Amino acid sequence: MNFWRKMKRSDWVFPTVLLSLYGFFANCRPAEPFLTPYLVGPKNISEEVVTNYLFPIWTYSYLAVLCPVFLLTDLLRYKPLIVTQGLFLVTNYILLCFATSLSALTYLQFNFAMVTSTEVAYFSYIYSVIPPEHYQRATGYVRSAMLTGYTFGATLGQLLISLTDTSYFHVNAINLGIMSVAFCISLGLPMPQHGMFFKKKAEVYTDTLNEVTDTFGGETDLRKQATGTCCDWGSIKISGIQMWESLKESYSSRSLVQWSLWWALATAGYGQVFNYVQLMWDHIEPSTTSSVYNGGVEAVCTLVGAAAAFSVGYIRVQWGVWGELSLGVFSAIGAGCVFLMGLTNNIWLSYAGYAIFKASYMFLITVTMFQIAVNLSMECYALTFGINTFFALTLQTILTAIVVDNSALGLDIETQFLVYGGYYSTISVLFLVQGLHTICKHYRKSPEETNTDQPPATTLEDKYGSDRRDLGPQNVYKQSAF
């Protein structure tokens with residue numbers, strides 16, 4: 001009891017522990033790796049309907065709700081959105097357990113779009129309730145809890161399916177119980193006192209009104225009116241100006257734009273592969289007639305990807321020179337893996353290709369996010385995260401509408417993966433050419449020119465101080481699908 005009281009009095013331990021627990025249980029989903037076998041098996045939905053009708057609805061819904069949710073996350077100060085995510089997770093598995101009609105499963109796609117769109121609140125909440133000096137440690141704990149929960153859930157699901165012959169329905173029922181625990185934990189999270197963009201509205205208005213009253217004396221009409229308006233139009237205008245300034249700073253340099261470009265392009269392709277890889281596996285070896293090892297594969301892939309991301313902190317590379325070439329090389333590796341998954345008839349080769357593909361993506365996205373984060377304030381990074389995610393999702397939606405949706409090409413799953421392999425090949429060529437140009441340009445310069453091109457190491461530190469967001473190598477963006 002004394003330990004619990006001490007933890008609650010701490011300015012960062014209590015919210016970090018609660019958010020880590022929530023992250024563990026919310027991402028512990030033993031049924032998720034077996035979604036496609038569950039839909040095409042017990043739910044008796046054809047592979048074509050799942051591929052070309054149901055899954056595209058999730059993508060369209062996600063794009064539709066992302067921007068409103070992103071703005072509401074900061075305005076409502078994070079916790080309400082985390083609680084909402086927990087509630088939609090519970091609803092998600094209630095529908096998966098008991099829904100039978102196609103219309104109910106269609107709504108299920110929108111429901112899960114709400115879950116994925118509110119993940120921004122989970123990633124941002126911790127920075128609004130703890131002091132800046134604890135950002136890096138708290139980030140490590142929160143990210144580790146998320147990855148641990150996902151790995152544990154995938155492993156648990158595989159063990160239940162393979163060793164105890166548990167039905168897919170009962171695995172989803174167990175998942176429902178775990179999501180209920182996550183929802184209950186979310187209710188106990190402390191409520192932040194402010195958001196990142198709306199945090200200064202009251203202070204700015206108060207300072208302005210104090211200046212007015214000091215000049216004219218007494219209680220002015222402006223002060224009386226401000227009591228009812230400081231939290232609406234005026235504050236929204238101030239927050240909008242702050243967002244615009246953050247936007248200009250976020251994309252102020254060529255280097256930041258290029259890292260952001262790869263982020264958006266690669267994440268769109270990764271999202272498509274992640275969403276449809278279970279259908280690819282079910283096509284190679286139908287789950288109705290073969291053993292399914294999706295959970296074990298996802299657990300191994302997550303561990304390998306986390307190790308690859310963690311290794312970023314120990315690699316000493318001049319990313320300003322070699323970064324673009326690295327993006328091109330690893331994108332080429334990813335393209336080869338996607339082609340392998342689309343062409344092979346061997347399920348184990350497909351599993352291996354997916355593991356390498358996911359590890360290379362997690363490695364590069366960690367480098368990309370770290371390169372952007374260390375050069376921006378926390379507000380700018382949050383805005384960059386949202387904008388890059390929006391552009392990635394827009395590209396993913398375009399891919400879905402053209403390649404997957406029945407109203408357009410409606411390609412079969414094998415052809416889709418060949419298209420995604422070609423997409424990643426295009427990204428690879430783009431950054432390989434740019435990377436070679438950057439390297440040649442760098443080594444043509446004299447040492448003096450090279451040194452003068454580098455900004456002083458302390459400039460950004462001096463500019464933003466402790467408000468600079470240093471996420472470290474654990475900052476791995478988790479692109480979710482079902």
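All residue numbers in this chain count up from 1 along the given sequence. Bear in mind the structure is a predicted one, so any value in this text is a computation, not a measurement.
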Whether the side chain of [X] engages the backbone of [Y] through a donor-acceptor N/O pair (distance < 3.5 Å, no angle test) should be reported.
{"X": "Thr426", "Y": "Gly422", "value": "yes"}
{"X": "Lys441", "Y": "Leu436", "value": "no"}
{"X": "Thr415", "Y": "Leu411", "value": "no"}
{"X": "Asn172", "Y": "Tyr168", "value": "yes"}
{"X": "Asn27", "Y": "Tyr150", "value": "no"}
{"X": "Asn111", "Y": "Thr91", "value": "no"}

I need the [X] [atom1] to [Y] [atom2] distance, nearest 0.5 Å.
{"X": "Thr59", "Y": "Asp405", "atom1": "OG1", "atom2": "CG", "value": "9.5 Å"}
{"X": "Lys43", "Y": "Leu96", "atom1": "NZ", "atom2": "CG", "value": "7.0 Å"}
{"X": "Tyr93", "Y": "Met179", "atom1": "OH", "atom2": "CE", "value": "6.0 Å"}
{"X": "Leu364", "Y": "Tyr270", "atom1": "CG", "atom2": "OH", "value": "12.5 Å"}
{"X": "Gln278", "Y": "Phe55", "atom1": "CD", "atom2": "CZ", "value": "6.5 Å"}
{"X": "Met341", "Y": "Asn346", "atom1": "CE", "atom2": "CG", "value": "13.5 Å"}

Looking at [X] and [Y], what are the two nearest heavy atoms and their distance?
{"X": "Pro37", "Y": "Pro42", "result": "O-CD, 3.6 Å"}
{"X": "Asn388", "Y": "Ser260", "result": "ND2-OG, 3.3 Å"}
{"X": "Ala182", "Y": "Tyr22", "result": "O-CD1, 3.1 Å"}
{"X": "Ala99", "Y": "Leu105", "result": "CB-CD2, 4.3 Å"}
{"X": "Pro15", "Y": "Leu189", "result": "O-CD2, 4.4 Å"}
{"X": "Ala359", "Y": "Val304", "result": "CB-CG1, 3.6 Å"}

Problem set entry | Verdict with reasoning, Leu87 to Val83, per side-chain contact (heavy atoms from CB on, under 4.5 Å) | CA-CA 6 Å; Leu87 181 61; Val83 174; 5.6 Å; no
For this session: Name the orientation class of the two ring planes belonging to Tyr125 and Tyr78 (parallel below 30°, tilted from 30 to 60°, perpendicular beyond 60°).
Result: perpendicular
Problem set entry | Full working for side-chain hydrogen bond (donor to acceptor under 3.5 Å, both in side chains) between Glu47 and Thr51 | CA-CA 6 Å; Glu47 182 180 307; Thr51 305; 4.9 Å; no
Using side-chain heavy atoms (C-beta onward) and a distance below 4.5 Å, is [X] in contact with [Y]?
{"X": "Thr302", "Y": "Lys358", "result": "yes"}
{"X": "Val404", "Y": "Tyr276", "result": "yes"}
{"X": "Leu327", "Y": "Thr368", "result": "yes"}
{"X": "Leu393", "Y": "Leu66", "result": "yes"}
{"X": "Phe431", "Y": "Leu325", "result": "no"}
{"X": "Phe417", "Y": "Phe339", "result": "no"}
{"X": "Val50", "Y": "Ser46", "result": "no"}
{"X": "Leu409", "Y": "Ile402", "result": "yes"}

Exercise. Given Trp281 and Tyr354, is the ring pair (Phe, Tyr, Trp, His ring centres under 6.0 Å) satisfied, shown in steps?
Worked result: CA-CA 10 Å; Trp281 293 337; Tyr354 178 69; 5.3 Å; yes
For this session: Check the pair Ile284 / Met280 against side-chain contact (heavy atoms from CB on, under 4.5 Å), numbers first and verdict last.
Result: CA-CA 6 Å; Ile284 296 172; Met280 187 73 243; 3.9 Å; yes
Exercise. Is the distance between the ring centroids of Tyr424 and Phe357 less than 6.0 Å?
Worked result: yes
For this session: Examine Tyr293 together with Trp348 and report whether their ring centres are nearer than 6.0 Å.
Result: yes
For this session: Take Phe34 and Gln158, measure what side-chain contact (heavy atoms from CB on, under 4.5 Å) needs, and give me the verdict at the end.
Result: CA-CA 9 Å; Phe34 305 96; Gln158 188 64 63; 3.7 Å; yes
For this session: Mark yes when over 12 heavy atoms from residues, nucleotides or ligands other than Phe110 sit less than 6.0 Å from its CZ; otherwise mark no.
Result: no
Problem set entry | side-chain hydrogen bond (donor to acceptor under 3.5 Å, both in side chains): pairs with one or both residues in residues 320-344, sequence neighbours excluded | Gln258-Glu324, Trp262-Ser331, Glu324-Thr438
Problem set entry | Evaluation steps, side-chain hydrogen bond (donor to acceptor under 3.5 Å, both in side chains), between Asp282 and Thr36 | CA-CA 8 Å; Asp282 201 76; Thr36 297; over 6 Å; no
Exercise. Which residues satisfy the ring pair (Phe, Tyr, Trp, His ring centres under 6.0 Å) test with Phe363, sequence neighbours excluded?
Worked result: Phe330
Problem set entry | Donor + acceptor pair across side chains of Ser287, Tyr38 (<3.5 Å) | no
Exercise. Any side-chain donor paired with an acceptor under 3.5 Å for Gln416 and Tyr420?
Worked result: yes
Exercise. Taking it one step at a time, do Glu119 and Gln85 satisfy side-chain hydrogen bond (donor to acceptor under 3.5 Å, both in side chains)?
Worked result: CA-CA 8 Å; Glu119 282 180 351; Gln85 183 188 53; 4.6 Å; no
Exercise. Does the side-chain contact (heavy atoms from CB on, under 4.5 Å) test come out yes or no for Tyr361 and Thr267, once each step is laid out?
Worked result: CA-CA 8 Å; Tyr361 172 80; Thr267 299; 2.8 Å; yes
Exercise. For Glu285, what residues pass the side-chain contact (heavy atoms from CB on, under 4.5 Å) criterion, not counting sequence neighbours?
Worked result: Ser290, Ile347
Exercise. Tyr62 and Thr397: side-chain hydrogen bond (donor to acceptor under 3.5 Å, both in side chains), yes or no, with the steps?
Worked result: CA-CA 9 Å; Tyr62 188 11; Thr397 303; over 6 Å; no
